[in-house]
Amino acid sequence: MNRFERFSASGEAELRYLDGDFRVVRPGTFVRCAVTGQPIPLDELRYWSVDLQEAYSSPEAVLSRLHPGRLRSDFTGA
């Protein structure tokens, strides 16, 4: 299975995150963001870490997890 296939099971899925894709270990309709805890529908999942095997809801969540303290204000010099 890949991320473009639909799942009939409801609830939280368990995934194995790969480079550019993921494999379903336990079917479900969503995963949780490792930073915010927000549910992420599988068809909206765009960000994850292969090394940490975690999903993220947004680019900001990725930055927060992988580079703590480096938020946008750090890049603007503010």
Side-chain angles (χ1 to χ4, degrees):
M1 281 187 178
N2 66 35
R3 70 185 199 170
F4 299 108
E5 294 176 354
R6 297 284 177 199
F7 305 102
S8 60
S10 62
E12 191 167 354
E14 183 180 341
L15 305 179
R16 171 90 175 124
Y17 300 101
L18 309 171
D19 289 325
D21 202 2
F22 55 78
R23 181 165 297 136
V24 177
V25 175
R26 185 181 65 229
T29 57
F30 69 93
V31 292
R32 293 209 179 267
C33 175
V35 174
T36 66
Q38 280 182 285
I40 308 165
L42 293 185
D43 59 349
E44 294 178 19
L45 179 59
R46 304 284 183 268
Y47 310 102
W48 61 80
S49 169
V50 173
D51 294 334
L52 299 176
Q53 289 296 295
E54 297 178 332
Y56 307 106
S57 59
S58 68
E60 293 80 17
V62 175
L63 185 62
S64 172
R65 176 70 167 126
L66 301 181
H67 303 286
R70 293 188 70 185
L71 299 176
R72 178 162 290 290
S73 62
D74 294 340
F75 295 112
T76 62

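Bear in mind the structure is a predicted one, so any value in this text is a computation, not a measurement.
Atom-to-atom distance recorded for Arg16:CZ and Arg23:CZ is 8.5 Å, nearest 0.5 angstrom. A distance of 10.5 Å separates CD1 of Ile40 from OH of Tyr47, quoted to the nearest 0.5 Å. The distance from atom CD of Glu54 to atom OH of Tyr17, rounded to the nearest 0.5 Å, is 9.0 Å.
Contact record, Leu42 with Phe22: O-CZ, 4.3 Å, taken as the closest heavy-atom pair. Closest non-hydrogen pair, Tyr56 versus Cys33, comes out as CA-SG, 3.8 Å. Taking every heavy atom of both residues into account, Thr36 and Ser57 meet most closely at OG1-OG, 3.7 Å.
Trp48 and Leu15 end up in the same hydrophobic cluster when Ile, Leu, Val, Met, Phe, Trp and Tyr side chains are linked at under 4.5 Å.
Residues Val62 and Val35 have side chains not in contact (no heavy-atom distance under 4.5 Å, counting atoms from C-beta outward). Residues Val50 and Leu18 fail the side-chain proximity criterion, which asks for heavy atoms closer than 4.5 Å.
Within the structure, salt bridge (Lys or Arg N to Asp or Glu O under 4.0 Å) pairs that include any residue of residues 27-37 comprise Glu12-Arg32 (at least two apart or interchain).
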